[in-house]
Engineer: 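Starting off with a structure, shown below.
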Amino acid sequence: MNSLQSFLAVAPVKPAAAAARLPSSRRARVSACLATPAPAPTAPAAARRELSAASRAVMADEAKYIVGTYKRAQVVFVAGRGCKLYDIDGREYLDMAAGIAVNALGHGDPDVDAAAADQRGRLVHASNVGYTVPQVELAKRLVEASFADRAFFANSGTEANEAAIKFARKYQRVAHPNGDAPTEFMSFTNCFHGRTIGSLALTSKEAKKVIQSGKIAAVFVEPVQGEGGIHSATKEFLQGLRDACDEAGALLVFDEVQCGLGRTGYLWAHEVYGVLPDIMTLAKPLANGLPIGVALVTEKVAAAIHYGDHGTTFGGGPFVCHAALATLDKIQKPGFLAEVTKKGEYFKQLLKTKLGGNPHVKEIRGAGLIVGIELDVPAGPLVDACLDAGVFLLTAGKGNVVRLVPALIVSEKELEQAAEVIRECLPALEASTS
């Protein structure tokens, strides 16, 4: 349920210097006038970037020394500032991926960096054998801002979900002391079940039947799917899950690893539905790029967990927790989330206006700044063309959805730039199908 990231240890390029070396054509593209008429469908896509010897050298070493688990974009990033990334050759890119929805405050946020530097100078790691102040403070902040009563810290979304699975099993064993505890789990993801939350809602009676079978320990669901293609649940669907879990004694787990902490314009994605889980998992944006995962639980779940039932060496260390507190400070500032909502609505309308007439664009959907453009063809050629044009994008779903998850601090001007470049690059889809 979590996406892994990789980091390249190469010398950074200063953003100002990198921008200064941009070709004049790229600088012009950044300030493209949105009032100009849309190009004809046969307009040429962006010219292909030429990879430098430095880029090719890094890629060659990666192919030689790193296990081949990633299909990487053909770019070597070395620096970032705000919503911009810079490659090893000094090119500037508008980052509409934010480290896969991780860098909520963009690259190099000064307050998060200052908090991390301050903590680094005092204490980075001490293990969970003793108490550390940042961990306790962060747990308190998260509990006070959510449905939960307690927190367990890990290092990633995957580990947070593993903790949720373990906690659910232990809860059910305590609730069923006679040895008949349910041990199975139910989830809704495109990659595993081939169906979205929206389509599953049409067969909710079947889902309810499975939950009430007595075999389900917990139901995992994302209020807004990220990897699955940017699908939002309905209130009726989540309430139906809540009711079915309550009737069956199963736990309801909300996976907000990608959609939580302000991404939808609400602190928690489930807030808009008015449905509360028993466990919620968080990770990606919480420390603005530093690795952290959290399982937030109610007291009824926490009461089943005792010393030695679970643990972690690095989870909840003072360094990352102090950075997370600084990140949370900014996201919880008055007006911040309202701006995310405003920018998200503006962006979706902008995309609908600019892309809606294209025959390959089926739907533009999302909430806040988690937006998907569903196509009737693979999105890869469009994503590649946008990269050549200076905008870094992701795909989702079955590879036919362009996923847009920029930093929550993205400006309307940057959103306009992204929409314009996507529009200009749409001919790449025609080229790929011809």
Engineer: Decide if the gap between the ring center of H125 and the ring center of F314 is smaller than 6.0 angstrom.
Structural biologist: yes
Engineer: For a quick check under 3.5 Å, do N128 and T312 share a side-chain donor-acceptor pair by atom type?
Structural biologist: no
Engineer: What are the two closest heavy atoms between G226 and A396, and how far apart are they?
Structural biologist: O-CB, 3.6 Å
Engineer: Regarding R72 and E62, does a basic nitrogen lie under 4.0 Å from an acidic carboxylate oxygen?
Structural biologist: yes
Engineer: Under the rule for ring pair (Phe, Tyr, Trp, His ring centres under 6.0 Å), what residues qualify as partners of F152, not counting sequence neighbours?
Structural biologist: F167, H310
Engineer: To the nearest 0.5 Å, tell me how far L276 CG sits from Q239 CD.
Structural biologist: 9.5 Å
Engineer: Any chance you could measure C386, atom SG, to F392, atom CZ, to the nearest 0.5 Å?
Structural biologist: 11.5 Å
Engineer: So, for V102 and G99, which heavy atoms are closest and what is the spacing to 0.1 Å?
Structural biologist: CG2-O, 3.0 Å
Engineer: Evaluate the side-chain proximity of L286 to V294: yes if any heavy-atom separation is below 4.5 Å, no if none is.
Structural biologist: yes
Engineer: Answer yes or no: is there a side-chain heavy-atom contact under 4.5 Å between T132 and L123?
Structural biologist: yes
Engineer: Step through the shown structure and confirm whether more than 12 heavy atoms of other residues, nucleotides or ligands are within 6.0 Å of NZ on K342.
Structural biologist: no
Engineer: Within the side chain of W268, is there an N or O that forms a donor-acceptor pair under 3.5 Å with the backbone of A145?
Structural biologist: yes
Engineer: If you compare all heavy atoms of P277 against all heavy atoms of T298, which two are closest, and at what distance to 0.1 Å?
Structural biologist: O-CG2, 4.1 Å
Engineer: To the nearest 0.5 Å, what is the distance between OH on Y86 and CZ on R81?
Structural biologist: 9.0 Å
Engineer: Considering only NZ, NE, NH1 and NH2 on the basic side and carboxylate oxygens on the acidic side, decide whether K166 and D309 come within less than 4.0 Å.
Structural biologist: no
Engineer: F153 and L138: which non-hydrogen atoms are nearest, and at how many Å?
Structural biologist: CE2-CD2, 3.5 Å
Engineer: Take L85 and V78, measure what side-chain contact (heavy atoms from CB on, under 4.5 Å) needs, and give me the verdict at the end.
Structural biologist: CA-CA 8 Å; L85 284 167; V78 297; over 6 Å; no
Engineer: Quick one: do the T281 and N161 side chains pair a donor with an acceptor below 3.5 Å?
Structural biologist: yes
Engineer: Does either side chain, that of E414 or that of S411, offer a donor lying less than 3.5 Å from an acceptor on the other one?
Structural biologist: yes
Engineer: Walk me through whether E416 and Y346 qualify under side-chain contact (heavy atoms from CB on, under 4.5 Å).
Structural biologist: CA-CA 9 Å; E416 291 164 1; Y346 176 69; 2.5 Å; yes
Engineer: Salt bridge or not for E137 and K140, using N-O below 4.0 Å?
Structural biologist: no
Engineer: Are H322 and R120 close enough that some pair of their side-chain heavy atoms sits under 4.5 Å apart?
Structural biologist: no
Engineer: Around E50, counting heavy atoms of other residues, nucleotides and ligands shown, do more than 12 lie under 6.0 Å from its CD?
Structural biologist: no
Engineer: Taking all atoms of both residues into account, what is the closest heavy-atom pair of P223 and C259, and its distance?
Structural biologist: CD-SG, 4.0 Å
Engineer: If I take atom SG from residue C245 and atom CG from residue L252, how far apart are they, to the nearest 0.5 angstrom?
Structural biologist: 5.0 Å
Engineer: Are side-chain N/O atoms of Q258 and E222 paired as donor and acceptor at under 3.5 Å?
Structural biologist: no
Engineer: Does R242 pair with D246 as a salt bridge, N-O distance under 4.0 Å?
Structural biologist: yes
Engineer: What's the separation between atom CD1 in I364 and atom CG in L375, rounded to the nearest 0.5 Å?
Structural biologist: 9.5 Å
Engineer: Hey, are the side chains of M59 and L51 touching, using non-hydrogen atoms and a 4.5 Å cut-off?
Structural biologist: yes
Engineer: Is a side-chain donor-acceptor pair under 3.5 Å present for R141 with Q332?
Structural biologist: yes
Engineer: Indicate whether the side chain of T327 and that of N288 have a donor and an acceptor atom separated by less than 3.5 Å.
Structural biologist: no
Engineer: Please walk me through it: do V401 and R365 pass side-chain contact (heavy atoms from CB on, under 4.5 Å)?
Structural biologist: CA-CA 10 Å; V401 177; R365 57 178 178 258; 4.0 Å; yes
Engineer: Using a 4.5 Å cut-off on heavy atoms from C-beta on, say whether the side chain of L267 contacts that of L337.
Structural biologist: yes
Engineer: For K330, I'd like to know if atom NZ has over 12 heavy atoms of other residues, nucleotides or ligands within 6.0 Å.
Structural biologist: yes
Engineer: Kindly compute the distance separating CG (D255) from CG (L282), expressed to the nearest 0.5 Å.
Structural biologist: 9.0 Å
Engineer: Parallel, tilted or perpendicular: which describes the rings of Y93 and F77, with under 30° parallel and over 60° perpendicular?
Structural biologist: perpendicular
Engineer: With a 6.0 Å cut-off on the ring centroids, do Y273 and F237 count as close?
Structural biologist: no
Engineer: Between K84 and E92 (salt bridge meaning N to carboxylate O under 4.0 Å), is one present in this structure?
Structural biologist: yes
Engineer: Going by heavy atoms in the side chains, are P378 and N400 under 4.5 Å from each other?
Structural biologist: no
Engineer: Under 4.0 Å between a side-chain nitrogen and a carboxylate oxygen: does that hold for D278 and K300?
Structural biologist: yes
Engineer: Could you tell me if the side chain of Q74 sits less than 4.5 Å from the side chain of R49, heavy atoms only?
Structural biologist: yes
Engineer: Salt bridge check, E227 against R403: does any charged N sit closer than 4.0 Å to a carboxylate O?
Structural biologist: yes
Engineer: Test I230 against I373 for side-chain contact (heavy atoms from CB on, under 4.5 Å), laying out the working first.
Structural biologist: CA-CA 9 Å; I230 320 300; I373 305 169; over 6 Å; no
